[in-house]
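A, B, ... follow the sequence lines: proteins, then strands. Residue 1 opens every chain.
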Number of protein chains: 2
Amino acid sequence: MPTDPNAAPPCNCLAVRQAARRVTQFYDRFLAPSALRTTQFSILSRLNRSGPMSIHALAEAMVMDRTTLGRNILPLEREGLVGVEQSTEDRRSKNLKVTPEGLARLKEATAGWKRAQSAFEGAFGAERAAALRAVLHDVATLDLDEAGA
Amino acid sequence: MPTDPNAAPPCNCLAVRQAARRVTQFYDRFLAPSALRTTQFSILSRLNRSGPMSIHALAEAMVMDRTTLGRNILPLEREGLVGVEQSTEDRRSKNLKVTPEGLARLKEATAGWKRAQSAFEGAFGAERAAALRAVLHDVATLDLDEAGA
DNA sequence: TTGACAAACGTGCATATGCTCTTATGTCCA
DNA sequence: TGGACATAAGAGCATATGCACGTTTGTCAA
């Protein structure tokens, strides 16, 4: 019996990427009215929750490459949703903070996010979703340095 | 007690995207010697397993937007790893197939992929990984049309 | 047959992703 | 105090992602 092409992919990387594409598309549709992508919503949300921090720190918190976050900030800065200024203690560093406009947009987008979250969990199951998030968090924070990388 | 910023993210979308970034970076390092990205490896692998097919069909199989796959094919075509030709039955459609060079590169990259897969499962657990792939496959194939999208 | 509709694909646009290399700044020890 | 090293960030490069819109081709019924 040949391998079923529609079975779960044997590759862990492909599996998580496919799921990410699908879920991102779904959430993006709900966020579209507020003109924020899921990435942008995540950044604003995290920055608002954790308070002002550097690009380096936020990138680490987002499990994102530093240079990627640096670019992702640009559209948010251009629209005045995130403030960027040189740190006074360490002039190499920049301080990121959510502006009042950013907070307003974040609140607006949160309504759409809640609908997306509810719709997803309605289809997938709230319990399963919680378990999935926990496992994915383990993956995202897994120490892979020892794994012969 | 305030929310722990390092806890698992409450957003399903963020959780899966963070995990995808992390795992992709890990696999990419193992694939780098063969000069293939994980996306390219996935495409070659799937196309080789399922045989020649159209952009539309392959995109669906990859859980990827049609236009995204169309662009992802370009570097592979440029390097002669994938052949692209007009279909004779349906002139709107294009037939994609893995070339002999593509097959050779795929085999070469598979060695790196196996190391990545082993290293990841060594750190995360083979059983857990299998369960994770199954759940992620459910997510990727979940019917979200009913979910108020 | 032809006209309406559907399907496959491409283009333009904007963001997302991370590597490599470079620059500016901070730290710390000899 | 200098010089070695580390750290924060930017620039260039290439790919990845998907939406909106347009074009070509197929299908099917009036």
Side-chain angles (χ1 to χ4, degrees), chain A residues 13-14 16-33 35-43 53-60 62-79 81 84-96 149, chain B residues 13-14 16-33 35-43 53-60 62-79 81 84-96 149:
Chain A
C13 187
L14 177 59
V16 68
R17 284 177 68 85
Q18 287 186 348
R21 285 194 289 261
R22 194 102 163 80
V23 177
T24 301
Q25 276 188 67
F26 185 71
Y27 276 68
D28 266 339
R29 279 199 290 271
F30 285 85
L31 289 177
L36 283 181
R37 305 285 197 85
T38 58
T39 299
Q40 300 174 329
F41 176 77
S42 301
I43 290 174
M53 65 176 89
S54 69
I55 289 178
H56 184 85
L58 183 54
E60 190 165 348
M62 295 291 297
V63 192
M64 188 181 283
D65 187 86
R66 176 187 58 78
T67 65
T68 300
L69 178 63
R71 289 180 214 277
N72 289 350
I73 286 295
L74 295 180
L76 296 173
E77 185 185 11
R78 170 163 37 83
E79 293 197 57
L81 308 179
V84 181
E85 53 185 21
Q86 285 282 323
S87 167
T88 49
E89 315 96 45
D90 187 340
R91 282 185 302 169
R92 295 170 304 180
S93 178
K94 290 187 172 183
N95 270 336
L96 307 177
Chain B
C13 187
L14 177 58
V16 68
R17 284 177 69 85
Q18 287 186 348
R21 285 196 288 261
R22 194 102 163 80
V23 176
T24 300
Q25 276 188 67
F26 185 71
Y27 275 69
D28 266 340
R29 279 200 291 272
F30 285 85
L31 289 178
L36 284 181
R37 306 285 197 83
T38 58
T39 300
Q40 300 174 329
F41 176 77
S42 302
I43 290 174
M53 65 177 91
S54 69
I55 290 179
H56 184 84
L58 183 54
E60 190 165 348
M62 295 291 298
V63 191
M64 188 180 284
D65 188 86
R66 177 186 60 79
T67 65
T68 300
L69 179 63
R71 290 182 214 276
N72 288 350
I73 286 295
L74 295 181
L76 296 173
E77 184 185 11
R78 169 163 39 81
E79 293 198 55
L81 307 179
V84 182
E85 52 186 22
Q86 285 282 325
S87 166
T88 50
E89 314 95 46
D90 187 340
R91 282 185 302 169
R92 295 170 303 181
S93 177
K94 290 187 173 182
N95 269 337
L96 307 176

Under 3.5 Å, N/O pairs linking protein and nucleotides 2-7 of chain D:
| residue | atom | partner | partner atom | Å |
| --- | --- | --- | --- | --- |
| D:dT7 | O2 | A:R92 | NH1 | 2.6 |

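- Closest of all the heavy-atom pairs between B:L31 and B:F41 is CD1-CB, 3.8 Å.
- Screening residues 62-71 of chain B for side-chain hydrogen bond (donor to acceptor under 3.5 Å, both in side chains) gives B:D65-B:T67 as the qualifying pairs, with residues at least two apart or on separate chains.
- The CD-P distance, from A:E89 to D:dA8, rounds to 13 Å in whole Å.
- Distance A:Q40 CD to D:dT17 P: 18 Å, rounded to the nearest Å.
- Residues passing the side-chain hydrogen bond (donor to acceptor under 3.5 Å, both in side chains) test with A:E89, sequence neighbours excluded: A:S87.
- In this structure, A:S93 reaches the D:dA9 phosphate: one of its side-chain N or O atoms is under 4.0 Å from OP1 or OP2.
- Between D:dA9 and A:R91, no contact under 4.0 Å exists linking OP1 or OP2 to a side-chain N or O.
- By the salt bridge (Lys or Arg N to Asp or Glu O under 4.0 Å) test, B:R92 is found to be paired with B:D90, residues two or more places apart in sequence or in another chain being considered.
- Of the two residues near DNA chain C, A:P75 and B:R37, the one whose nearest nucleotide lies more 5' is A:P75.
- Mapping B:G70 and B:D28 onto DNA chain C by nearest heavy atom places B:G70 closer to the 5' end of the strand.
- One atom, CD of A:E77, and another, P of D:dA9, lie 13 Å apart when rounded to the nearest Å.
- Annotation: side-chain hydrogen bond (donor to acceptor under 3.5 Å, both in side chains) contacts of A:D28 (sequence neighbours excluded): none.
- Remark: B:E60 engages no residue in a salt bridge (Lys or Arg N to Asp or Glu O under 4.0 Å) (not counting sequence neighbours).
- Counting any heavy atom pair closer than 4.0 Å across all strands shown, A:S87 reaches no nucleic acid atom.
- Between the C1' atom of D:dT24 and the CD atom of B:Q86 lies a distance of 10 Å, rounded to the nearest Å.
- Taking atom CG of residue A:N72 and atom C1' of nucleotide D:dA9, one finds them 15 Å apart after rounding to whole Å.
- For A:A57, the side-chain contact (heavy atoms from CB on, under 4.5 Å) test picks out A:M53, A:S54, with sequence neighbours left out.
- Residue contacts shown for B:R21 are limited to sugar-phosphate atoms, with no base heavy atom under 4.0 Å away.
- In this structure B:T38 satisfies the side-chain hydrogen bond (donor to acceptor under 3.5 Å, both in side chains) test with no other residue, sequence neighbours excluded.
- Panel note: side chain A:R22, backbone B:V63; no donor-acceptor pair is recorded below 3.5 Å.
- Over its length, the helix from C:dT1-D:dA30 to C:dA30-D:dT1 turns its helix axis by 0°, as judged from the five terminal pairs at each end, rounded to 10°.
- Each of A:T67 and A:R17 was assigned the nucleotide of DNA chain D with the nearest heavy atom; the assignment lying further toward the 5' end belongs to A:T67.
- Heavy-atom minimum distance, B:L69 versus B:A59: CD2-N, 3.2 Å.
- Nucleotides of DNA chain C that come within less than 4.0 Å of any heavy atom of chain B span, from the 5' end to the 3' end, C:dA6 to C:dC19.
- In this structure, B:R22 reaches neither bases nor backbone, as no heavy-atom distance under 4.0 Å exists between it and the strands shown.
- Position along DNA chain D of the nearest nucleotide to B:R66 versus A:A20 favours A:A20 as the more 5'-ward residue.
- For B:S42, the side-chain contact (heavy atoms from CB on, under 4.5 Å) partners are A:L14, B:M62, not counting sequence neighbours.
- One interatomic measurement links the two molecules: CE of B:M62 to C1' of D:dT17, which rounds to 13 Å at whole-angstrom precision.
- Judged as a side-chain contact (heavy atoms from CB on, under 4.5 Å), and not counting sequence neighbours, the contacts of B:P75 are B:Q40, B:R78.
- Within the 4.0 angstrom heavy-atom criterion, only backbone atoms of the sugar-phosphate kind lie near A:T39; the bases stay farther away.
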